[in-house]
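As the structure is a prediction and not an experimental result, all values here were calculated from the model. Just so it is clear: chains get the letters A, B, ... in the order the sequence lines come, proteins before strands, and each one is counted from 1.
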There are 2 protein chains.
Amino acid sequence: MSKYDQYEGFQVESPETWTEFHKNKFDVKPFGDHDVEIKIECCGVCSSDIHTINGGWGEQKFPLAVGHEIVGKALRVGPKVTLVKEGERVGLGAQCWSCLECRQCKNDNETYCTQQVDTYGQAWPDTGIVTQGGYSSHVRAHEHWVFPIPDAIPSHLAAPMLCAGITSYSPLVRNGAGPGKKVGIVGLGGLGHFGVLFAKALGAETWVISRSHSKEADARKMGADGYLASQDPDWNKEHAMTFDLIISTANNFGEGFDLGAYLALLDVHGKWVSVGMPEEATLNIRPQDLNPNGCLIGSSHLGSRKEMLDMYKLAAEKGIKSWVETVPISAENLSATMKRLRKNDVRYRFTMTDYDRAFGA
Amino acid sequence: MSKYDQYEGFQVESPETWTEFHKNKFDVKPFGDHDVEIKIECCGVCSSDIHTINGGWGEQKFPLAVGHEIVGKALRVGPKVTLVKEGERVGLGAQCWSCLECRQCKNDNETYCTQQVDTYGQAWPDTGIVTQGGYSSHVRAHEHWVFPIPDAIPSHLAAPMLCAGITSYSPLVRNGAGPGKKVGIVGLGGLGHFGVLFAKALGAETWVISRSHSKEADARKMGADGYLASQDPDWNKEHAMTFDLIISTANNFGEGFDLGAYLALLDVHGKWVSVGMPEEATLNIRPQDLNPNGCLIGSSHLGSRKEMLDMYKLAAEKGIKSWVETVPISAENLSATMKRLRKNDVRYRFTMTDYDRAFGA
């Protein structure tokens with residue numbers, strides 16, 4: 001009998017068995033004054049889940065329930081909570097706590113707080129209890145990281161915005177995507193499809209850059225103004241030095257990936273912002289690839305609470321609809337879904353649903 | 001007998017003999033309506049000269065007179081020239097022509113014009129005549145690239161500002177170096193010493209980051225507020241995530257250069273701007289080096305006419321003095337000077353002088 005409260009969730013036991021899920025009980029941190037307890041309704045499936053449970057991002061703490069695109073109901077709020085009301089429908093993304101006192105936290109850069117805690121797989125400093133993600137019955141998080149969701153957005157479509165959505169949205173707004181700007185989205189997967197939806201909603205001229213033309217029809221349906229296939233000869237020539245911003249969701253910079261050809265698309269001081277997080281891979285950057293346009297290469301990590309709320313507001317107002325395939329949560333279905341995601345066999349995001357059947361109402 | 005006008009200069013004949021200079025006559029482009037003819041008084045010595053004549057930057061057109069930090073007198077101006085007066089003391093940097101019609105040219109980004117012509121080693125499209133640099137009696141350039149120099153700045157100190165100076169100044173002002181900002185200058189050579197002088201003059205908190213402490217006293221004399229030696233253990237720890245901008249003048253990113261340790265110094269979305277142009281070398285960037293602070297890596301190429309004039313104004317007003325060793329121009333002295341520069345045996349810039357003795361008054 002644990003001295004801590006317990007929830008129930010689908011956990012993976014080791015990297016070697018990362019496609020096997022087991023329904024276990026686990027300890028959760030003591031409920032804090034600023035905490036919100038969420039009864040989970042659904043959870044989006046993110047590539048981070050795979051990179052974590054298969055060990056691709058390094059050693060992890062097992063057993064572990066992943067999942068960090070969580071939508072549910074605020075079952076209980078701590079006595080000092082002001083940002084969330086009991087009973088509200090809310091979301092929780094990839095992080096669940098930060099110090100809120102450092103320069104980063106005070107500057108809408110709380111996702112870069114050096115003390116921040118991930119929604120799954122990280123030990124709380126006080127108790128050592130490891131955070132467990134959204135393939136579970138409930139989850140606890142600090143109110144700052146819990147976001148009320150507008151009524152206009154169905155839960156299964158709101159869920160993937162909590163990681164994939166904000167990851168694409170934040171670098172767009174931080175780098176001025178809007179009317180008069182030409183934006184490229186490299187890779188049309190879960191992240192990329194949000195890149196297109198949000199870049200268009202923000203008013204930018206939006207281009208998809210993919211390897212082949214296989215996703216062109218989808219890209220157009222999402223609203224893309226143009227499409228470039230990097231396997232076409234001279235694919236980048238006509239557009240040299242015309243893009244203000246490229247958001248790269250690619251997570252394979254290996255052989256055959258000619259970064260210089262992409263950078264040549266950027267206008268002077270244009271930015272290449274990478275939001276894909278490959279398991280390995282190094283960007284081999286030749287100074288002469290940066291010099292002709294003085295371009296910049298960077299990355300971006302999630303987005304602030306403020307941006308999260310703005311993103312949902314924009315999505316509600318503009319009727320932005322994530323392209324989502326729903327899957328009822330179970331050990332078997334999680335296994336099958338992870339395998340499909342590993343093969344990129346999804347257009348464009350999974351959301352695990354039917355939590356009441358798995359965990360009770 | 002050439003059908004073109006001719007000047008005289010110290011040329012190198014081949015990469016194999018890059019330390020041998022020969023005083024030759026050479027053809028020059030026909031004098032255009034917007035051209036300025038400069039009688040050269042002195043010329044700064046830039047590492048680009050070496051990278052060009054030794055073949056490090058690839059195949060070049062020989063015989064070639066290099067030198068692109070040119071100060072002299074506007075001997076003659078074309079009938080349409082409005083920016084320069086006959087008799088004025090003027091400077092010419094690393095570029096001598098651009099189209100002035102493209103988006104880059106119209107946007108104070110003329111150094112990124114895809115048609116721009118370098119001051120030495122490039123064939124004019126119309127005649128095929130190869131541009132020859134400042135180790136010569138005279139030079140011709142379009143008025144846009146010819147800059148009046150304030151009386152307060154002696155010629156031999158003004159010269160190195162035309163390439164090294166503007167290369168350091170432009171990324172500082174373009175990236176907001178000023179009061180309240182913390183700026184790092186990596187490498188204290190010709191470029192780096194200007195980085196310190198200008199960052200200070202612009203009001204930024206200025207730190208030098210060098211391998212050892214050997215240049216610390218000089219850095220302090222130049223006005224640096226702080227100094228970090230990357231060979232010290234944990235040298236970057238105390239300053240993690242505190243720099244807004246780092247200008248890297250390093251031109252060796254080979255073994256032992258831990259880029260991640262430098263990037264860790266940057267605040268969220270801080271920028272690493274590289275202005276060193278190594279002969280080879282690739283920046284091996286791991287995505288996880290960019291992710292903790294969402295930093296950006298870029299480069300910068302010279303600076304606009306507007307920035308050049310602003311830089312001289314600032315230098316005149318603040319009494320900024322380049323640290324310069326003067327050397328009377330001759331074939332022997334050019335050879336010795338290039339050899340010393342190759343060994344970084346200079347604190348911090350050479351200017352070739354006494355042109356009247358070499359070429360006549």
query: With chain A, which of Ser299(B), Ser300(B), Pro171(B) has the greatest number of heavy-atom pairs at distances under 4.5 Å?
result: Ser299(B)
- prompt: Among Val273(B), Leu296(B), Asn293(B), who wins on heavy-atom pairs under 4.5 Å with chain A?
  reply: Leu296(B)
query: Do you know which two heavy atoms are closest between Arg103(B) and Thr242(A), and how far apart they sit?
result: NH2-CA, 3.6 Å
task: Could you grab the distance from atom NZ of Lys271(B) to atom NE2 of His269(A), nearest 0.5 Å is fine?
output: 8.5 Å
message: Using heavy-atom distances under 4.5 Å, tell me whether Asp267(B) contacts chain A through its side chain, its backbone, both, or neither.
response: side chain
message: Let's test your reading of the structure: which of Leu290(A), Val268(A), Leu263(A) forms the most heavy-atom pairs below 4.5 Å with chain B?
response: Val268(A)
query: Using a heavy-atom distance cut-off of less than 4.5 Å, which residues of residues 106-124 of chain A contact chain B?
result: Asn109(A), Tyr112(A), Thr114(A)
